[in-house]
Structures are given as C-alpha cells and as structure tokens.
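Just the heavy atoms: all of them, side chains too, but no hydrogens, waters or symmetry mates, feed the values below. Both counts, for ligands and for their atoms, begin at 1 and track the order of listing. Here the structure is a predicted model, which is why all the values come from computation and not from measurement.
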Amino acid sequence: MEIYSPEQQVTLPLYQSKGVEVFFKRDDMIHPFISGNKWRKLKYNLHKANYLQKDTLVTFGGAWSNHLLATSCAGATYHFRTIGFVRGEAINNPLLDMCRLFGMQLIFVSREDYRNKQNLFQQLENLAPCYFIDEGGAGIEATRGCKEIIAELHNAYDHIFCAAGTGTTAAGLALGITDKQLHTQLHVIPVLKNGGFIAEEMKILDAPMELVHLHIDYHFGGYAKSNPILLEFVKDFVQATGIMIEPTYSGKALFALHDLIQKDFFPAKSKILFVHTGGLTGLLGQLEKFNKVQ
Ligand SMILES: *Cc1c(COP(=O)(O)O)cnc(C)c1O
C-alpha cells in the first residue's frame, strides 16, 4: 500500500526566535485508524502472518489502545479475523465500539490474567491458526517497519524527536539512523513514569544507543496523566498550527522539544524533525479535559 506521510516545516515564533528549523513527519496522515506508528508496527507483522498462513490476528491492549483499533481495521482491510484481549473489567467506549465495528472480537480479562499473554494466546491457538501480536504491536517485526521512517526522509536532520511507550518506534528509528550512517541525535520521550526502562527495551530490540538521548522528566505524572500546563500547551499548539496532537504521546514529546528549545539546548541553525506518531483517536476519551482549561 502506498502511504502519504509528508515532511512538513512548521514555523512558530519560538522556532524563529531561537533560529531553529522544525519539521514534522506526518505519520498521523498515513491512515485515520491504522494510525502513525501503529501502521509502521503492523506492516511486517501482517506480512509474516500472511506468509505463515494464519487467518486470525490475536492481540492485546488497554481500553483506549490505539493499537487495538489499528489491528481491527488492518484485519478488515487485509482479511484477517481479529481478536483483542482487553485489560480490565468489561467497559464500553467509542474506541472499543469502533474496534467491534471493524469486526474485532473483544475479550475482557482481569489484570492478573492479562499478565500471561502467551497463555491467553495458546487457548485460542488450539482452535484456529492464530498470529500473536504483542501489546502496542511491540517487537522485532515492528522495528523493521519503523526503520522505514528514516529511509523515507528527504532532508538530513541534526535531531529527531519521538514519544515512547514501549520504545519500539524509538528502536526502529535508532536502527534506521545507524543503517544510513547518519549523525542524527535521537531524542526519546517516555510517556510513562520511571522511563529509564525504555533504554533497556530498546537494547533488547538491538537498537544502537550511542546517538540516543532519553528525556525521562516529561511524563506529567505517568501514562495518560496530564495537567493544565500540558493541556494548555496542546491547545495552543493545535490552534497555532492546525496540526492535531494529543496529550498522551505527541503532546508530551512536543512539550519536551519546546522546553529544550526554550532552554537553548540546540544551537541556532539546528534542523529538527518531530515524528508525529498519530493516535488521535485516543483524544475521544480526553476532549472534556480541554474544556476545563482556559
Ligand atoms: C502507541 C503510541 C506510541 C508509543 O510507541 P512505542 O513504539 O510503543 O514506543 C507513541 N505515539 C502514539 C501516538 C502511539 O499511539
């Protein structure tokens, strides 16, 4: 499938006053439902499932998982049955409703059972030829897809920024950078508390770490947590550029970029790329928060 993900320069007074150039890799434009890095992470998993002649994709996620939605839509598009294990008690929300609309069968499991994903998978594998995709699409196949972000770039950058949940996207970017023998510094912003573990996850995925900077202080209290400062920041950016971002991933990573620009972390004339990893359907559960900030 052809994809459309332009590299778009954005000008803001902050960038101009510090003399830096900032571009956005618009992976959010790849697909409305198989969005951003979830498309990148599914690509080679789908190839492999096809090659292995598996007709059912089995995967895992929380109740607001962008990955569950992406997998459900990819299944409908490429003719796989899809089953999603959802962590926690049975609930309903617009994201899960869309998963069902794409034909995904949802199975709610307790947090305890959810921990043993292989066990849940094996129960289904006895019934049909199933293909296992980890939570968030994480894994080696996923890094192959994310590597292609670097191969697609038209410009050379001094710095690349991305958000991290499992670190798979960051690992793919790091692999892509060394593959092309670039000197680009990769800045990774964990969206969870105590994000140091992302470095370990990246190493497990064979990512070279020499050019990687981990910025672990931009989690705003933990996964999916936010505060009025972050929400205000997201709102201002969206209104100043027309580019939609959300507070769970891209908002935190972009906040980090702006904070570092402000603190003169980058010399003038630096060329910076922000990877917009998409996932805007996550906003559906968060829009009300914005009404509470002025
Ligand atoms: C899932 C997701 C991430 C996290 O990617 P990892 O590869 O797990 O680090 C980042 N941004 C968005 C928008 C996501 O949906």
May I ask you to test the [X]-[Y] pair for a side-chain heavy-atom distance under 4.5 Å?
X: Tyr131; Y: Thr56; answer: no
X: Gln105; Y: Arg81; answer: yes
X: Lys263; Y: Asp259; answer: yes
X: Leu46; Y: Phe80; answer: yes
X: Lys38; Y: Ile30; answer: no

Heavy-atom pairs closer than 4.0 Å: do any link ligand 1 to the side chain of Lys38, the backbone, both, or neither?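 The answer is the side chain of Lys38.
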At less than 4.0 angstrom from any non-hydrogen atom of [X], what atoms of ligand 1 do you find?
X: Asn66; value: 15 (O)
X: Thr168; value: 7 (O), 9 (O)
X: Lys41; value: 5 (O), 6 (P), 7 (O), 8 (O)
X: Thr169; value: 5 (O), 6 (P), 7 (O)
X: Gly278; value: 13 (C)

Heavy-atom gap [X] to ligand 1 smaller than 4.0 Å:
X: Ala164; value: yes
X: His67; value: no
X: Gly167; value: yes

Nearest-neighbour protein heavy atom for [atom], which is reported as residue plus atom name and distance:
atom: atom 8 (O) of ligand 1; answer: Thr166 OG1, 2.6 Å
atom: atom 11 (N) of ligand 1; answer: Thr277 OG1, 2.7 Å
atom: atom 3 (C) of ligand 1; answer: Asn37 ND2, 3.3 Å
atom: atom 10 (C) of ligand 1; answer: Tyr249 CD2, 3.3 Å

Contact (N/O only, under 3.5 Å) between Gly165 and ligand 1: yes
Does Ala170, backbone or side chain, put an N or O under 3.5 Å from an N or O of ligand 1? no
Can the ring centres of [X] and [Y] be said to be less than 6.0 Å apart?
X: Phe220; Y: Phe233; value: no
X: His187; Y: Phe161; value: yes
X: Phe255; Y: Tyr249; value: no
X: Phe23; Y: Phe274; value: no

Measure the spacing between CD of Glu152 and CZ of Arg40 and express it to the nearest 0.5 Å.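 Rounded to the nearest 0.5 Å, the CD-CZ separation comes out at 4.0 Å.
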